[in-house]
Amino acid sequence: MFLNYLIQFGPIQTSPIELIAVFFGLLSVWSMKKESILAFPFGIINVLIYVYICFLAKLYAYAGINFFYFVMSVYGWYNWLRSGDNEEKIKIATCSKQETIWNSIAIFVFFIVLWLLLKKCTDSIVPVWDALTTAIYIVGMWLLARKKIENWVLWIAGDFISIFLFAYEKLYFSSFQFLVFTIIAVLGFQEWKTKLVRNVKINP
């Protein structure tokens, strides 16, 4: 319904609801880059709208992952605010080698499961790419909630693929959003890396 009301920007059409989703998505990722807690409330608005948009576009894994984002955004919001035993907030950290191995296995397993579900149970026209980006984002969101710097590497990979996936579905402003997301993710990785190095120097 809400996608039927289109706005024309030159040769590109979009809907008001897609513009709203893109706006809050950009706010969320920029806040994430700045390590701001506002990333989570902005992100919650973005993902709830995209559950609706992706379902209509038959990107079912994306719709599901956005619901997962909602749950993880609530958890991340809580986790970033809570204090540890020494009354300090959670800090940016890196994954251990063991965590990296488990993260890689998780991406592979999620990909296979989602691809099979999409292929056999839905009318998705891009099951491989939908499943791959969703698997990447599931693990990326988990790492973000725990302030692991590797989350940015996964966002960069997933966002880059999503540029073309959403353009293929003619959701051009969403495609543009993922282009901006990719750029911000690169900048976010650099900024978090600088903070991580500084924290290590302060607390060797």
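Every heavy atom of this structure was used, including side-chain atoms; hydrogens, water molecules and symmetry mates were not. Residues: numbered from 1 along the sequence shown.
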From [X] [atom1] over to [Y] [atom2], what is the distance, rounded to the nearest 0.5 angstrom?
X    : Y    : atom1 : atom2 : answer
I20  : I45  : CD1   : CD1   : 10.0 Å
F23  : S28  : CZ    : OG    : 12.0 Å
L187 : I156 : CG    : CD1   : 9.0 Å
F189 : T194 : CZ    : OG1   : 9.5 Å
K148 : W142 : NZ    : CH2   : 10.0 Å
M32  : I37  : CE    : CD1   : 11.5 Å

Nearest atoms (heavy-atom pairs only) where [X] meets [Y]:
X    : Y    : result
L144 : N151 : N-CB, 3.6 Å
I49  : A21  : CG2-CB, 3.5 Å
L143 : C95  : CD2-SG, 3.8 Å
I136 : L154 : CG2-O, 3.2 Å
I44  : S73  : CG1-CB, 3.6 Å
I138 : F68  : O-CE2, 3.5 Å

Same apolar cluster (I L V M F W Y, side chains within < 4.5 Å links), [X]/[Y]:
X    : Y   : result
L38  : Y69 : yes
V186 : V29 : no
L27  : V74 : yes
I183 : V22 : no

Can you tell me if [X] has over 12 outside heavy atoms packed within less than 6.0 Å of its [atom1]?
X    : atom1 : result
F176 : CZ    : no
W192 : CH2   : yes
F160 : CZ    : no

>> Please evaluate residues F108 and F111 with respect to the criterion ring pair (Phe, Tyr, Trp, His ring centres under 6.0 Å), reporting the C-alpha separation (whole Å), side-chain torsions for both, the decisive distance (0.1 Å), and the verdict.
In response: CA-CA 5 Å; F108 178 76; F111 166 69; 7.1 Å; no
Sidechain-backbone polar pair: [X] side chain, [Y] backbone, donor-acceptor under 3.5 Å:
X    : Y    : result
T134 : D130 : yes
S96  : E99  : yes
N46  : F24  : no

> What about F40 and W80, are their ring centers closer than 6.0 Å?
Replying inline: yes
> Side chains of D159 and Y137: is there a donor and an acceptor less than 3.5 Å apart?
Replying inline: yes
> Going by distance alone, is a donor N or O of one side chain under 3.5 Å from an acceptor N or O of the other, for S175 and Y168?
Replying inline: no
> Considering residues at least two apart in sequence or located in another chain, which fulfil the salt bridge (charged side-chain N to carboxylate O under 4.0 Å, His left out) criterion with K193?
Replying inline: none
> With clusters built from Ile, Leu, Val, Met, Phe, Trp and Tyr whose side-chain heavy atoms come within less than 4.5 Å, directly or transitively, what are the remaining members of the cluster of W102, listed by chain and number?
Replying inline: I101, I105, V109, V113, L117
[Y] and [X], any side-chain heavy atoms less than 4.5 Å apart:
X    : Y    : answer
W155 : E150 : no
I161 : W129 : yes
F181 : L26  : yes

> So, E35 and K91, do they make that salt bridge, N to O below 4.0 Å?
Replying inline: no
